[in-house]
Amino acid sequence: MACGCMTLQLHALVVRPTPAFTGLYHRQKSATGRSTSVLAASSTETAPSSPRTTQTVGVLSEWANTNGIKYGGVEVTPMGGGLGLVATQDLKAKDVVIEVPSDLTLTVQTPRDSNRAVEDLFDDRGKSYCNSPHWWAQLSIQLNALDGNLISHGKNADVQMRPWLDSLPRQFDTPLHWSDSALAELQYTHLTDAVQAQTTLWTSLWEEMRRNAKPELANLLNYDNFVWGCESARSRAFSGAYSGTAFSPAPYAFTLVLVGAYIALGMGTLEQAANGAAVVVCGAILRDFVVPKFLKQRRYVICPFIDMANHESTQCRADVAFEYFANGYSLAINDNGSGTPVKSGSELYISYGTRSNDQLLQYYGFVEPNNPHDVYVMPPIRTWDIAALEKACGRTFQDGRLQKLDRAGLLGRTDMNPATSSAAANKAGGVVITRASGMDPAAIQALRALVSTDKEWEEAREAIGNFSEPRSTQNEATARMAIRTALELELASKPTTLEEDERLLQVMTSTKGGLMDASREDQLAVSFRIEKKKLLLEIIAGLK
């Protein structure tokens, strides 16, 4: 998988790689009414690759076959410096290409105590750290314990996970590992602050866990290993609402025996026996579906082999699902709204969810060109050049309105320390712009109030809430002018232009005359800021 988390669907309930389970899979019905599956399909040749990578793929595939993973119509293939899934035959919607037993997965669930796989590696006072509220930290401990042979895995504790562990990347291109100068090349304060907060949080968690771990884990769990586990979890895990245990026929069979004995021995009527059986069925439904949802429990899962699928927002052709009756996970083809098959030889993508390039770069280590889910987080309105906005709008903004906007929290916050804030959240109250829907409605509302005339302000009874809709054509045009000016100033503040960045990236990636000293992080930084500037220009164009 390319270097957060995805969302899964567990037996018709939304379950969750931080992609998403998207629903129960259905095998394609043939003309005879039998289910068709490509799980027995033969493989085709893979693309040329290095001997070490080819050997890793071969060992992984053999391990999958040995441990009950069924797959066909796809194969794990080296590509782009990593691994991915490639179709070995044409695949149509509802074809099931991979099935993985639950026993092979790594899982945690929140919010209750749920990381029992590694509890014995912590002392009595450290159990709370073992069950950290951060699911990715829990999974990091599991990954490191498996990698260091401190715990066993599988239903009978007899599954050797080494071939799968050896297929995982050991280094990530995420900004967490970049220097300050490399982060500055992003030209984007919001992500720089988020990475700083991420570093602070992860360091604190590592220190707490290591301090409360038993010696065998403490000696293994250095900072680099902890970070490797966290990044592996964030880039490979699926999640969703926890929905209880998989289907087990034993309680129902036992209930049936009791019903038969109850009637045969004349202990009661058929109706009474049926009522008792109904209580058992209802109890199972409550346990597996109702109670977990009521308690807002979530399950986080790393599913070996399926985790080799890479992300593409617009070309997602497969979904992951939990199979309630089979107690396993499946990867099945969707039609992506196109109705066209996945062609043999093409890569099979899944979606990690509606991830912006901020999230993709911070937690996965790549940038998606023209990402339909991309965002730009502007600084809070309180930091904007008010004088420049007044000049562009041809009017002076009244202090009283600024104070009201401040009290309403629409100017952003001043009491935030980026180093202690959540790495993923917009805690400072920056103005969010999305490719899908443009400017944050709350910011538009604030600017309508800010640029309003005295008459418009009085007619709105000096209430910010009354500017949730346009007050007049002139007010709306002036607010849009203020927004456009702020975006143009943001774009002009960048050290380089879009055109300069595009030329630089072309030179960096050129096979002839490329920059020999351009690192992977250099290319990622330039690619990232290109996408951000393109987004700003798109929004500016839409405001003219």
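This one's a predicted model, so the numbers in the text were calculated from it and none came from an experiment. Both backbone and side-chain heavy atoms feed into the values below; hydrogens, waters and symmetry mates do not.
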Problem - Derivation of the side chain to side chain contact (heavy atoms under 4.5 Å, CB included) call for Val320 and Ile306 - result: CA-CA 8 Å; Val320 185; Ile306 288 178; 3.9 Å; yes

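- For the pair Phe305/Leu60, a side-chain contact is recorded, criterion being any heavy-atom separation below 4.5 Å from C-beta on.
- Scanning for side chain to side chain contact (heavy atoms under 4.5 Å, CB included) contacts around Asn225 gives Asn144, Leu220, Asn222, with sequence neighbours left out.
- Side chain of Gln142 to main chain of Thr107: a donor-acceptor pair is present (N/O by atom type, distance under 3.5 Å, no hydrogens or angles).
- The shortest side-chain heavy-atom distance between Val451 and Leu389 does not fall under the 4.5 Å cut-off.
- The shortest distance between side-chain heavy atoms of Pro169 and Gln171 does not fall below 4.5 Å.
- The OG1 atom of Thr203 sits 9.5 Å away from atom CD of Gln198, with the distance rounded to the nearest 0.5 Å.
- Judged as a side chain to side chain donor-acceptor pair (under 3.5 Å), and not counting sequence neighbours, Thr66 has no contacts.
- With hydrogens and angles ignored, the 3.5 Å screen pairs a side-chain donor or acceptor of Ser232 with a backbone N or O of Trp228.
- Side chains of Thr314 and Glu312: a donor on one and an acceptor on the other come within 3.5 Å.
- Here the side chain of Gln359 pairs a donor or acceptor atom with the backbone of Ser356 at under 3.5 angstrom.
- Nearest heavy atom pair, residue Ala145 against residue Val118, reads CB-CG1, 4.1 Å.
- Using a cut-off of 4.0 Å between Lys/Arg side-chain N and Asp/Glu carboxylate O, Asp385 and Lys391 are scored as not salt-bridged.
- Smallest separation of non-hydrogen atoms from Ala318 and Ile350: O-CG2, 3.5 Å.
- In this structure a side-chain-to-backbone donor-acceptor pair under 3.5 Å is missing from Ser346 to Val342.
- Nearest heavy atoms, Ser351 versus Cys316: N-SG, 3.5 Å.
- Taking every heavy atom of both residues into account, Gln362 and Ala194 meet most closely at NE2-O, 3.6 Å.
- With no hydrogens or angles considered, no side-chain donor-acceptor pair links Asp90 and Ser344 at under 3.5 Å.
- Under the 4.5 Å side-chain criterion, counting only non-hydrogen atoms from C-beta, Tyr363 is not in contact with Thr174.
- Judged purely by atom type and a 3.5 angstrom limit, Ser167 uses its side chain to pair as donor or acceptor with the backbone of Trp164.
- A search for side chain to side chain donor-acceptor pair (under 3.5 Å) contacts involving Glu476 returns Arg448, not counting sequence neighbours.
- Ser140 places a side-chain N or O within 3.5 Å of a backbone atom of Phe226 that can act as its donor or acceptor partner.
- For Ser437 and Thr434, the side-chain atoms include at least one donor-acceptor pair closer than 3.5 Å.
- Between the side chains of Thr509 and Gln523, not a single donor N or O lies within less than 3.5 Å of an accepting N or O.
- In this structure, Ile540 and Glu488 have side chains that are in contact, with non-hydrogen atoms separated by less than 4.5 Å.
- Under a 4.0 Å N-O distance rule, the pair Glu499/Arg503 does not qualify as a salt bridge.
- Side chains of Tyr349 and Arg317 form no contact here, defined as non-hydrogen atoms less than 4.5 Å apart.
- In this structure, His190 and Val432 have side chains that are not in contact, with every pair of non-hydrogen atoms separated by 4.5 Å or more.
- In this structure Asn149 satisfies the side chain to side chain contact (heavy atoms under 4.5 Å, CB included) test together with Arg162, sequence neighbours excluded.
- A distance-only check finds a donor-acceptor pair linking the side chain of Trp206 to the backbone of Leu221 [under 3.5 Å].
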Practice task
Determine, stepwise, if the pair Leu331 / Val96 fulfils side chain to side chain contact (heavy atoms under 4.5 Å, CB included).
Solution key: CA-CA 6 Å; Leu331 184 69; Val96 180; over 6 Å; no

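- When all heavy atoms of His373 and Gly353 are compared, the pair lying nearest together is CD2-O, 4.2 Å.
- The aromatic rings of Phe366 and Tyr352 sit perpendicular to each other, their planes meeting at more than 60°, with 30° as the lower class boundary.
- More than 12 non-hydrogen atoms from other residues, nucleotides or ligands lie less than 6.0 angstrom from CD of Glu500.
- Within the model, atoms CG of Leu504 and OG1 of Thr496 stand 8.0 Å from one another, a figure rounded to the nearest 0.5 Å.
- Here Glu185 pairs with Ala525, Arg529 under the side chain to side chain contact (heavy atoms under 4.5 Å, CB included) rule; sequence neighbours left out.
- Residues meeting the salt bridge (Lys or Arg N to Asp or Glu O under 4.0 Å) test with Lys494, sequence neighbours left out: Glu490.
- Residues satisfying the side chain to side chain donor-acceptor pair (under 3.5 Å) criterion with Glu538, sequence neighbours excluded, are Arg435.
- Residues meeting the salt bridge (Lys or Arg N to Asp or Glu O under 4.0 Å) test with Arg210, sequence neighbours left out: none.
- Side chains of His311 and Ser313: a donor-acceptor N/O pair is present below 3.5 angstrom, by distance only.
- The main-chain N or O of Pro380 is found under 3.5 Å from a side-chain atom of Thr383 such that the two form a donor-acceptor pair.
- Leu106 has its side chain out of reach of Val301: every pair of non-hydrogen atoms, C-beta onward, lies at least 4.5 Å apart.
- Interatomic distance, CD of Glu75 versus CG of Leu348, reported as 12.0 Å (0.5 Å rounding).
- Scored by the ring-ring contact (aromatic ring centres under 6.0 Å, His included) test, Trp202 finds Trp136 as partners (sequence neighbours excluded).
- Side chains of Asp358 and Tyr188: a donor on one and an acceptor on the other come within 3.5 Å.
- When only modelled atom types and interatomic distance are considered, Lys532 and Gln187 share no side-chain donor-acceptor pair under 3.5 Å.
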Practice task
Could you walk me through whether Thr105 and Ile302 pass side chain to side chain contact (heavy atoms under 4.5 Å, CB included), step by step?
Solution key: CA-CA 6 Å; Thr105 65; Ile302 299 179; over 6 Å; no

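- In this structure, the side chain of Asp95 engages the main chain of Lys92 through a donor-acceptor pair within 3.5 Å.
- Summarising the geometry, atom CG belonging to Asp374 is positioned 4.0 Å from atom CG belonging to Asn357; distances are rounded to the nearest 0.5 Å.
- Rounding to the nearest 0.5 angstrom, the gap separating the CG atom in Asp440 from the CD1 atom in Ile381 is 8.5 Å.
- For the 3.5 Å distance criterion, the side chains of Asn310 and Glu347 qualify, holding a donor opposite an acceptor.
- In this structure, CG in Asp307 is found 9.5 Å from CG in Leu83, a value given to the nearest 0.5 Å.
- Annotation: salt bridge (Lys or Arg N to Asp or Glu O under 4.0 Å) contacts of Glu207 (sequence neighbours excluded): none.
- Scored by the side chain to side chain contact (heavy atoms under 4.5 Å, CB included) test, Ala182 finds Trp178, Ser179, Glu521 as partners (sequence neighbours excluded).
- Every side chain to side chain donor-acceptor pair (under 3.5 Å) that Glu531 has, sequence neighbours left out, goes to Lys534.
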